[in-house]
Amino acid sequence: MKEALLCLKNVSKAFDGKTVLDSLDLDILDGEFITLLGPSGCGKTTLLRLMAGFELPDTGSVTLSGHDITHAAPEHRPLNTVFQNYALFPHMSVYDNVGYGLKMEKRPKDEIRQRVSDVLAMVQLQDFARRKPHQLSGGQQQRVAIARAVVKRPQLLLLDEPLSALDYKLRRTMQVELKRLQRELGITFVFVTHDQEEALSMSDRVVVLKDGEIQQLGTPREIYERPANLFTARFVGETNLFPGYLAAVNDRAITLDILGLRRTLQKPAFTVREGEQVNVLLRPEDIRVLAPEDDHGLAGKVVERNYKGSTLDSVIHLEDGTEVLASEFFDEDDPTFDYRLGEPVRVSWVDGWEWLLPVEPEPVNEEAEGLAADA
Amino acid sequence: MSRWLPKIYLTLVYVLLYLPILVLVVFSFNGSRTGYRWGGLSLEWYESLFNNHAMVQAMWNSLWLALAAATVSTIIGALTALALHRYRFRGKRMLRGMLFVVMMSPEIVLAISLLALFLLVGLQLGFVSLLLAHVTFCLPFVVITVMARLSGFDESLPEAARDLGANDFTMTRTVLIPVIMPALLAGWLLGFTLSLDDVVVSTFVSGPSYEILPLRIYSMVRVGLKPEVNALGTLLLLFSLTMLMLSQWILTRSK
């Protein structure tokens, strides 16, 4: 069992009376790669800045390996940050940038030289030590920023959307490189991103944030396959959401009426009563598109098709107007399969892959709520 | 015809702008004693300029004053710019506005008010009163130059320095000042030039104990134009051009 390295307890933060973080608790485990994921304005960067010491919380405490660091200045925290725009010192060479932190520790010159060249070799920039930051490409600057932060061997590395300025291809490369670095160094990484794909592929655990509150904390698989609520389900990946009516509830199983199809499923963790409604979640890749003469599933027609290289994504309108997203892999037997727009099909899904969520009162916007109350 | 018109027009504009300066430079090398007749090439006026003890003294006085005024106003101005950039405080907008008031108000008004102030507090007119006056009118220019640089300053640089273990003072010394250095130098040079050629304010707040160059020239010219003044003007022109090119070079090199 891993131990908690950094603990945030009951942490709140408001700027100009606007709450950014709302009494939040979070334990970061030693050696893990944890990602703070959420849309812009969800408080993920503020949370990171609280850990780094650039902001102080209004309430609550931050402890690092048992020491209270809630009010410690940034320079007294044994953790380092990789900034979104890299924040390399423009007037210093790559060598001086990377050596800055060690110089602040007043390390002997020989040790600094050794450690800086080691870490530059690790990020494959040993030949660039004399360059100035503006003479480097974006990806190289990124690697200098990482080298500068890890050369002090921090217990915790904070990364604030470090890959957002890079192009797609380079981002993929850096994702792999960051994972490799984290394994080699054994440092705990706290990674901030708004890119759910990046979060899922890199992390040991993901924290989904919205409006300063944790929506879900779990492994990428848990977040994707068993989202805790509608927000997480919609924010992480594409989702089909169908209403399901509870036709029967037993001790272990329930019978659901989903768009007119009857399915018997395992009873979910939340309480359900006969006659009530639940949300049925199906990922596009759970959907099976069948031939129109098939006797399973629901009739509909293809209204959109999108060739994605490895998958064929389609939108299907069912007869009752429900929209279904489907994502199918190309299969060896039929590499040329495709749909015509308007082509009639039937839609089904893999039995047992449904994920159920309780119906939430949805604050879409206040006006709509007001209208609903009037009706 | 219409092809030539713009060129002729442009030539006229430039002749009008630069002819007087050219005449001044040419006549500084004129060997004739009687003003505006050409009497062959000579360095006579440069020689007599450097033999004019009062003139050389006034030149040194001016240089020292400009040096002091530029340095003091750069230090105060840079700190003011930092405060305006970094912190939010009551009266910030007013403080910023006041800078422009000093910059835009007629020099004569500034001169009279400074003189009134110095007389009121009983300050003897001389080096100190000149320095205070020059710092006053140089300050807004320095503040604005430094603030322009700071507005493009990456706020995460100080944070990165703190994150790597630098305290506030070390961060300022090793990151903040080096990054804004070009603006500090540019502000200093601007202050230096402004101080060096100021006449209006200096006329009011200088005393007999400390004579400066622009006032010395002004009093010389009043009793008739001596060719020595041409030589002095040429030297000053050379100096200003050098300073101008230096400041441009510093500013372009830094970005």
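Each chain gets a letter, A, B and so on, in the order the sequences are listed, and its residues count up from 1.
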query = Of all of B/Glu155, B/Arg162, B/Met171, B/Met181, which one pairs up most often with chain A through heavy atoms under 4.5 Å apart?
reply = B/Arg162
task = Check each atom of B/Asn167 against the heavy atoms of chain A and say whether the ones under 4.5 Å are side chain, backbone, both or neither.
result = both
query = With respect to chain B, which residue among A/Ala149, A/Pro74, A/Pro90 yields the maximal number of heavy-atom pairs within a distance under 4.5 Å?
reply = A/Pro74
ask   = Of the listed residues (B/Gly165, B/Pro178, B/Pro158), which shares the most heavy-atom pairs with chain A below a 4.5 Å separation?
value = B/Gly165
message = If you compare all heavy atoms of A/Met92 against all heavy atoms of B/Thr174, which two are closest, and at what distance to 0.1 Å?
response = CE-O, 3.6 Å
query = Does any donor atom in the side chain of A/Tyr86 or B/Ser156 lie under 3.5 Å from an acceptor atom in the other side chain?
reply = no
message = Looking only at heavy atoms and a cut-off of under 4.5 Å, which of A/Gln84, A/Lys103, A/Arg49 has the most pairs with chain B?
response = A/Arg49
inquiry  = side chain to side chain contact (heavy atoms under 4.5 Å, CB included), that's the test. Do A/Tyr100 and B/Val175 meet it? Break it down for me.
reply    = CA-CA 10 Å; A/Tyr100 189 87; B/Val175 174; 3.8 Å; yes
request  = Output yes when a side-chain donor or acceptor of A/Asn80 lies under 3.5 Å from a complementary backbone atom of B/Asp163, and no otherwise.
outcome  = yes
message = Here's a test for you: under side-chain contact (heavy atoms from CB on, under 4.5 Å), which of B/Leu157, B/Ile177, B/Val179 qualifies with A/His91?
response = B/Val179
inquiry  = Please identify which of these residues, A/Glu105, A/Arg148, A/Glu75, meets the side-chain contact (heavy atoms from CB on, under 4.5 Å) condition with B/Leu164.
reply    = A/Arg148
note = So, the part of A/Leu88 with a heavy atom under 4.5 Å from chain B: the answer is backbone
remark   = Okay, A/Phe54 and chain B: the region with an atom under 4.5 Å from a heavy atom over there is side chain
